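Predicted model, so just to flag it, every value in this text is computed and none were measured.
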Amino acid sequence: NETSLFLAGWITGCSDWQKEIISSLKDTSLILINPRRANFDVNNPNMEYEQISWEHRHLEKASMISFWFPSETLCPITLFELGKYARDINKTIFVWRDIDYKRKRDIDIQISLIRPGIQVVETLEALSKQIQKYIS
């Protein structure tokens with residue numbers, strides 16, 4: 001019955017945004033599920049399978065998911081995950097996409113059609129505030 005939040009989004013070749021969101025939520029009772037690994041070789045098929053399987057299990061277990069879409073990449077796996085969980089009305093989701101994300105209108109429109117109550121935010125600070133407001 002514990003409240004958990006999966007941190008979905010880019011995990012390789014980018015700043016450690018997960019560390020920042022974890023720090024901003026440190027005073028909450030949330031269990032934060034971070035898929036970032038210290039050592040991950042995307043070219044190793046065994047590690048890739050292990051990572052995707054781990055994420056799949058934990059996305060299912062988490063009571064909430066936050067999605068991050070940066071301007072540097074389209075994040076195809078994160079888009080896939082958002083599509084899957086946006087339709088699950090029993091799963092609370094939060095969506096953060098950079099103002100310069102190349103397909104931001106797609107995300108905004110899809111979320112407004114599928115889950116009109118979700119406000120897509122453009123900064124990590126706004127995401128943190130949105131999560132804190134929701135759990136309080």
Side-chain angles (χ1 to χ4, degrees):
N1 294 333
E2 296 173 300
T3 304
S4 57
L5 176 69
F6 189 98
L7 307 175
W10 200 13
I11 60 173
T12 55
C14 64
S15 66
D16 193 347
W17 66 272
Q18 294 94 342
K19 185 177 182 179
E20 293 178 53
I21 193 74
I22 288 168
S23 176
S24 75
L25 297 171
K26 70 181 183 298
D27 294 328
T28 70
S29 60
L30 284 173
I31 295 170
L32 300 172
I33 305 168
N34 184 359
R36 183 183 285 264
R37 293 176 166 198
N39 298 304
F40 178 60
D41 179 2
V42 294
N43 297 313
N44 179 329
N46 293 330
M47 288 182 88
E48 182 181 42
Y49 182 83
E50 182 182 300
Q51 179 74 21
I52 292 170
S53 298
W54 184 93
E55 289 183 24
H56 175 78
R57 284 191 313 276
H58 288 82
L59 282 161
E60 288 291 316
K61 290 179 182 180
S63 54
M64 302 184 301
I65 305 170
S66 67
F67 293 93
W68 176 51
F69 296 92
S71 60
E72 296 86 357
T73 181
L74 291 179
C75 288
I77 299 300
T78 309
L79 281 169
F80 179 82
E81 293 164 345
L82 176 63
K84 177 180 179 180
Y85 291 103
R87 298 195 71 68
D88 182 351
I89 60 170
N90 296 312
K91 185 81 73 175
T92 301
I93 64 170
F94 304 93
V95 182
W96 162 37
R97 54 116 185 103
D98 283 353
I99 194 166
D100 295 324
Y101 180 69
K102 290 167 188 64
R103 303 307 301 238
K104 69 181 182 181
R105 293 273 302 145
D106 295 341
I107 287 178
D108 294 350
I109 293 168
Q110 290 289 341
I111 289 298
S112 73
L113 294 171
I114 298 168
R115 299 272 291 270
I118 293 174
Q119 178 187 4
V120 177
V121 297
E122 295 181 340
T123 67
L124 184 132
E125 181 182 353
L127 175 70
S128 177
K129 286 180 182 179
Q130 191 180 59
I131 293 165
Q132 289 179 42
K133 181 179 178 183
Y134 179 83
I135 63 172
S136 64

TODO: Apply the ring pair (Phe, Tyr, Trp, His ring centres under 6.0 Å) test between Phe69 and each candidate in Trp10, Trp17, Tyr101; give the one that qualifies.
DONE: Tyr101

Task: Check: Ile77 and Glu81 side chains under 4.5 Å, non-hydrogen atoms - done: yes

Task: Electrostatic pair Lys84:Glu60 at N-O distance under 4.0 angstrom - done: yes

Open item on the list: Counting C-beta onward and ignoring hydrogens, is there a side-chain heavy-atom pair between Pro76 and Phe80 closer than 4.5 Å?
Closed with: no

Task: Atom of Gln18, atom of Ile11 and distance for their closest heavy-atom approach - done: NE2-CG2, 3.2 Å

Open item on the list: Using modelled atom types and a 3.5 Å cut-off, is there a donor and acceptor pairing between side-chain atoms of Ser53 and backbone atoms of Tyr49?
Closed with: yes

Task: Parallel, tilted or perpendicular, as decided by the 30° and 60° cut-offs, for the rings of Trp54 and Phe6 - done: tilted

Open item on the list: Taking side chain to side chain contact (heavy atoms under 4.5 Å, CB included) as the criterion, tell me which of Ile21, Ile33, Ile65, Leu25 meets it with Leu7.
Closed with: Ile21

Task: Contact check, side chains of Arg115 and Gln110, non-hydrogen atoms, under 4.5 Å - done: no

- [ ] Using a strict 4.0 Å threshold on nitrogen-to-oxygen distance, state whether Asp106 and Arg103 make a salt bridge.
- [x] yes

Open item on the list: Closer than 3.5 angstrom, by distance alone: can the side chain of Arg97 be matched with the main-chain N or O of Phe67 as a donor-acceptor pair?
Closed with: no

Open item on the list: Is any side-chain heavy atom of Gln51 closer than 4.5 Å to one of His56?
Closed with: no

Open item on the list: Is the distance between the ring centroids of Tyr134 and Phe94 under 6.0 Å?
Closed with: yes

Open item on the list: Check this for me, if you would: do Glu72 and Lys102 make a salt bridge, where the nitrogen-to-carboxylate-oxygen distance has to be below 4.0 angstrom?
Closed with: no

